[in-house]
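The chains referred to below are lettered A, B, ... by the order of the sequence lines, with proteins before strands, and numbering in each begins at 1.
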2 protein chains.
Amino acid sequence: MNKYQIIHDDLVKDILAGKYHEKMLPSDYALMNRYHVARETARKAIAMLVDEGYAMRIKGKGTFVIQHNRYSFPISHVESYRELANRLHLKEHTQLVAIQDAEVPATFDSKAETVVLATEITRVRYLDDEPIIIDRDYVLKAVIPEILALPKSLSLFELFEQQLGLTISHATKTITIEALSIQDKQLMKLPEAGVVVVVRSETFLSDGRTLSYTESRHRADKFKSVEFARRH
Amino acid sequence: MNKYQIIHDDLVKDILAGKYHEKMLPSDYALMNRYHVARETARKAIAMLVDEGYAMRIKGKGTFVIQHNRYSFPISHVESYRELANRLHLKEHTQLVAIQDAEVPATFDSKAETVVLATEITRVRYLDDEPIIIDRDYVLKAVIPEILALPKSLSLFELFEQQLGLTISHATKTITIEALSIQDKQLMKLPEAGVVVVVRSETFLSDGRTLSYTESRHRADKFKSVEFARRH
DNA sequence: CTTATCAACTTGTCTATACATTTCTTTAAA
DNA sequence: TTTAAAGAAATGTATAGACAAGTTGATAAG
């Protein structure tokens, strides 16, 4: 592993363990001595912390930990449902509703003139035995011609990355509020009319190709998104 | 201005102008020659682009522009309503509903044992003459003892930064869906029952103090959030 | 014609150094 | 006692160079 990555990971571990609660993080020079690295290497590690929202640097003063309430539902990085449930220690299970070939609906900002072929996977996500989320993935056949089996212990992302050697780079997400569809009511066992929170995303590979489109329909009363934002 | 900042701004301008549409951005060495700077300086400029989601670097290949649809409602950085409306060229105006002293409600994750005194500012935001957002700011009296006048041409953020010399560092945001309150119906002229999208945020200064809490209540049918997320 | 190798170009990591700027404390002068 | 200057410590910016590693295309060998 890289030197700055090691330093970064050490610091994150200590931050999460509360070692720097309300205190200053080691200065550039302190890290230089502790790890016997050049200053730029130490700075790179700290720059990552700042980037992730763990820390804040103030010129002339030092580097300080930013206290987070990281218990809620963060959506500001690419993370799958399963990874998320795992991290928050929620009891989760998934019900496969359907898996079939389909075209990507025009709902996904498609400037595409031609139809895009994909494998459509519809799943219902349960948290604490309540149906909370309907996930519908469109995995492009241009990238993954066929999905042989849905893994029990891996998320789709992890499957693609670990088994198929693909590298996921980034995603764009939009959040809107829409009226409940008939299928929403059925799958989430909601009797009355109402709304769902729809998170639509497009996931990209490192080579720029689109890997998949996903539509996540969340029960509105269970939805909470948390994010961290920096000024400028 | 810094060298890497200049290079960065030049590149952003060119990207937005479409000069690198589907093409490779200048390599490290190309920027070195063009601007007569060291490689690390050029890399810093590009690192900023990557950080902002403008570009993607692939080892051995080059740096590539990420195509964005940046027309929607981005919430992934600290930006005020007015700055936003301006950027998207929307016709906007604001109606001041009330400004008074108040305590910060417990809704804002307050682990605070004592009451926190603040100036409460309630405003209704109109886009294209429709009331879309109710903003309620709680500006802490510990930081700003008194708000003398609400500026017509500046946002609250800009006022604090430019007039009072404060530096805003970051914010945390949560998005939830809640039932319409009576005041929601009145101020947004909504006759029926329904839901609003509530964005609650806490804004921090560079010295770590909390500057303000804000509750933004958005008309659900007009709400759209767009964000960019990177994997790992 | 096919294959293997090499060279050129790219990004990634790391070092060592220099000077600027901000903050805070200590010391010395008035 | 108050004020001013000096110094130490921290982050910010910038340079020059080195080597590693991935990608691509040209070239040479078979």
A:Met48 CE - C:dG12 P separation (whole Å):
13 Å
Of A:Gln5 and A:Met32, whose closest DNA chain C nucleotide lies nearer the 5' terminus?
A:Gln5
Report the distance from atom CG of B:Asn33 to atom P of D:dA16, rounded to the nearest whole Å.
12 Å
Of the nucleotides C:dT13, D:dT11, C:dA16, which has the atom closest to the A:Arg57 side chain?
D:dT11
Between C1' on C:dT11 and CG on B:Leu49, what's the gap in Å once rounded to a whole number?
15 Å
Per side chain to side chain contact (heavy atoms under 4.5 Å, CB included), A:Ile46 is matched among A:Leu31, A:Asp51, A:Leu25, A:Ile7 by A:Leu31
If you check every side-chain atom of B:Lys44, which of C:dT22, D:dT13, C:dC14 has the closest atom?
D:dT13
Between A:Asn2 and A:Gly60, who's closer to the 5' end of DNA chain C by nearest nucleotide?
A:Asn2
Taking CE from A:Met56 and C1' from D:dT11, how many angstroms apart are they, rounded to a whole number?
14 Å
Distance (rounded to the nearest 0.5 Å) between A:Thr210 OG1 and A:Glu202 CD
4.0 Å
Among D:dT15, C:dC14, C:dT10, which nucleotide has an atom closest to any side-chain atom of B:Tyr29?
C:dT10
For a quick test of reading the model: is some side-chain N or O of A:Ser27 closer than 4.0 Å to OP1 or OP2 of D:dA9?
no
Please state whether the phosphate of D:dT24, meaning OP1 or OP2, lies under 4.0 angstrom from any side-chain nitrogen or oxygen of B:Lys61.
yes
Are B:Arg43 and B:Arg57 side-chain neighbours, meaning at least one heavy-atom pair lies under 4.5 Å?
yes
With a 4.0 Å limit, can you tell me whether A:Thr63 has a side-chain N or O closer than that to the phosphate oxygens OP1/OP2 of D:dT11?
yes
I want to check one thing: is the phosphate of D:dT15, taken as OP1 and OP2, less than 4.0 Å away from some side-chain N or O of B:Lys3?
yes
Side chains of B:Tyr35 and B:Lys3: closer than 4.5 Å at any heavy-atom pair?
no
Taking C-beta and beyond as the side chain, do B:Ile121 and B:Leu96 meet within less than 4.5 Å on heavy atoms?
yes
Nearest whole Å is fine: how far is C:dC14 C1' from A:Tyr35 OH?
17 Å
Is the distance from OP1 or OP2 of C:dG12 to the nearest side-chain N or O of B:Arg43 less than 4.0 Å?
yes
A:Leu31 CG - D:dA10 P separation (whole Å)
11 Å
Of all the choices, D:dT15, D:dG12, C:dT13, which nucleotide is nearest to the side chain of B:Arg39 once you look at every atom?
C:dT13
For the pair made of CG in A:Asp28 and P in D:dT13, what is the distance, rounded to whole Å?
12 Å
Tell me which nucleotide among C:dT13, D:dT24, D:dA14 gets nearest to the side chain of B:Glu40.
C:dT13
Can you check the B:Lys59 NZ to D:dG22 P distance for me, whole Å?
5 Å
For a 4.5 angstrom cut-off between non-hydrogen side-chain atoms, does A:Arg123 reach A:Asp137?
yes
Which part of the nucleic acid, if any, lies within reach of B:Tyr4 when heavy atoms closer than 4.0 Å are counted: base, sugar-phosphate only, or nothing?
sugar-phosphate
